[in-house]
Amino acid sequence: MTPFTEAVLQIILDIPKGKVMTYGQIAHMAGNPNGARQVSRILHAMSKKYNLPWHRVINKKGEISLSGEGLETQKQLLERGGVKFLNSKKVDLQNIYHS
DNA sequence: CTGCTGACGGTTC
DNA sequence: GGAACCGCCAGCA
């Protein structure tokens with residue numbers, strides 16, 4: 001477990017309900033400005049072992065990067081938290097959390 | 001240990 | 001405005 005991974009997990013857990021963050025933002029805050037991709041890897045791997053709110057993480061366009069059922073699951077979870085959607089994939093950019 | 005993959009993002013055509 | 005390319009490096013077989 002690298003410090004980067006830990007930081008990423010912390011940040012994700014720290015995202016307030018009803019807000020979302022982009023991979024790039026998280027990576028940058030975790031101390032790795034170019035580690036957006038690693039964030040996605042961490043999400044995938046760690047959400048199985050830990051109970052992570054992975055659904056609060058989206059790409060920079062403000063869209064959900066998944067498709068099919070994953071997309072619907074994420075959408076449901078976000079809407080349940082009060083996040084508004086502009087369309088089936090895109091999240092309202094005002095819901096993006098920045099500290 | 002080695003190599004491949006990828007829930008991304010910035011830059012360059 | 002949009003497609004293509006490249007760098008980044010943590011997991012996993």
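In what follows, chains carry the letters A, B, and so on, assigned in the order in which the sequence lines appear, proteins first and then strands, with residues in each chain numbered from 1. Quick note: numbers below take in every heavy atom, side chains included, and nothing from hydrogens, waters or symmetry partners.
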Please tabulate, one pair per line, all N/O donor-acceptor pairs under 3.5 Å involving side-chain atoms of residues 85-98 of chain A, not counting sequence neighbours.
residue, atom, partner, partner atom, Å
Asn87(A), OD1, Lys89(A), N, 2.7
Asn87(A), OD1, Lys90(A), N, 2.8
Asp92(A), OD1, Gln94(A), N, 3.0
Asn95(A), ND2, Asp92(A), O, 3.4

Give the table of side-chain donor-acceptor pairs shorter than 3.5 Å for residues 68-84 of chain A, with sequence neighbours excluded, one pair per line with atom names and distance.
residue, atom, partner, partner atom, Å
Thr73(A), OG1, Glu69(A), O, 2.9
Gln74(A), NE2, His55(A), O, 2.8
Gln74(A), NE2, Val57(A), O, 3.2

*Of all residues at least two apart in sequence or in a different chain, which pass the side chain to side chain donor-acceptor pair (under 3.5 Å) check with Asn32(A)?*
none
_Contact list please: residues 10-19 of chain A against DNA chain B, heavy atoms, distance less than 4.0 Å, in numerical order._
none
So which protein nitrogen or oxygen atoms get under 3.5 Å of nucleotides 1-4 of chain C's nitrogens or oxygens?
none

*For the atom pair CH2 (Trp54(A)) and CG (Leu66(A)), what is the distance rounded to the nearest 0.5 Å?*
6.0 Å
Identify each donor-acceptor pair in which a side-chain atom of residues 11-31 of chain A lies under 3.5 Å from a protein atom, sequence neighbours left out, and give them as a table.
residue, atom, partner, partner atom, Å
Thr22(A), OG1, Gln25(A), N, 3.1
Gln25(A), OE1, Thr22(A), N, 3.3

*Strand contacts (DNA chain B) in residues 63-71 of chain A, 4.0 angstrom heavy-atom criterion*: Ser65(A), Leu66(A)
Nucleotide N/O to protein N/O under 3.5 Å, stretch nucleotides 9-11 of chain B:
residue, atom, partner, partner atom, Å
dG9(B), OP1, Gly24(A), N, 3.2
dG9(B), OP1, Lys60(A), N, 3.2
dG9(B), OP2, Lys60(A), N, 2.7

Report, one line per pair, each donor and acceptor closer than 3.5 Å where one atom sits in a side chain of residues 34-52 of chain A; sequence neighbours left out.
residue, atom, partner, partner atom, Å
Ser40(A), OG, Arg37(A), O, 2.5
Ser47(A), OG, Leu43(A), O, 2.7
Ser47(A), OG, His44(A), O, 3.3

Protein-nucleotides 10-13 of chain C N/O pairs under 3.5 Å:
residue, atom, partner, partner atom, Å
dA10(C), O3', Thr5(A), OG1, 3.3
dG11(C), OP1, Thr5(A), OG1, 3.4

*Do any of residues 76-94 of chain A sit with a heavy atom less than 4.0 Å from DNA chain B, and if so which?*
none
